[in-house]
Structure formats: structure tokens, C-alpha cells
Amino acid sequence: MRIILWLLLGVLVILALKKKARDMQSRTFQTPPEAAPSSAPSAAPGHAVRDAEDMVSCAHCQLYVPVSEAVLRGELHFCSAAHADQHTH
């Protein structure tokens, strides 16, 4: 009787492992739909979705800010005009 129970348990484990492997394989090879409206990031109401932007580090405090918001002095980027004024080189 014990042998039958062990065999049954072994068969259940093998079936569970095969199902898990099949599920993982189907997720791995699935390709996301290109340019589908549902796959695009959704914006919260009142917030616009923006494209990714390069980030630069402030030469004074090392805070990262978007390059469009950075204050440029010479070749150095700063997070604010106050840090640009405080920076002595």
C-alpha cells in the first residue's frame, strides 16, 4: 500500500513540475503586442505621460535632475541656481 502512495505522490509531483515548466515557457516566449493602446503607460488623471529624459548630477550636491531642469554653468550641471552660485572651483 505504501508503494502505491509513493508512486501516486511521485506522479503528482512530476505533473506539477511539468505544468510549472510549461507555464514558465509560455510566459518567456510571449511577445508583447506592439503599439497596443492597453500596453502604453497610463497617466493618472491630470498628469501627462512624458518621454524618458537624460539625468545629470548636480556638481554641488550630486542630486540627479532631468537635463531640461538643470542649471548649466560652463560645463557643470547644477540642480538650482543657488547651488550654481555656491559652487566654488
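Here the structure is a predicted model, which is why all the values come from computation and not from measurement.
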Residues clustered with Ile14, ILVMFWY side-chain links under 4.5 angstrom: none
Just so I know, are the side chains of His77 and Cys58 near enough to count as touching, which here means a heavy-atom distance under 4.5 Å? no
Working to the nearest 0.5 Å, report the span between CD of Glu69 and OG of Ser80. 12.0 Å
Ile4 CD1 to Leu9 CG distance, which is reported to the nearest 0.5 Å: 13.5 Å
Could you check if a side-chain atom of Val67 sits within less than 4.5 angstrom of a side-chain atom of Glu53, using non-hydrogen atoms only? yes
Taking all non-hydrogen atoms of both residues, which atom of Gln62 and which atom of Ser57 are closest, and how far apart? CA-OG, 3.3 Å
Decide whether Phe78 and Leu63 are clustered together by the hydrophobic rule: side chain heavy atoms of Ile, Leu, Val, Met, Phe, Trp, Tyr closer than 4.5 Å, transitively. no
Leu5 CG to Met1 CE distance, which is reported to the nearest 0.5 Å: 5.5 Å
Would you say that Leu76 contacts Leu72 through its side chain, given a criterion of any heavy-atom pair below 4.5 Å between the two side chains? no
Under the 4.5 Å side-chain heavy-atom rule for ILVMFWY, direct or indirect, which residues accompany Leu7? Ile3
Nearest 0.5 Å, what's the NZ-CE distance between Lys20 and Met24? 6.5 Å
Val71 side chain reached by His83 side chain, heavy atoms, under 4.5 Å: no
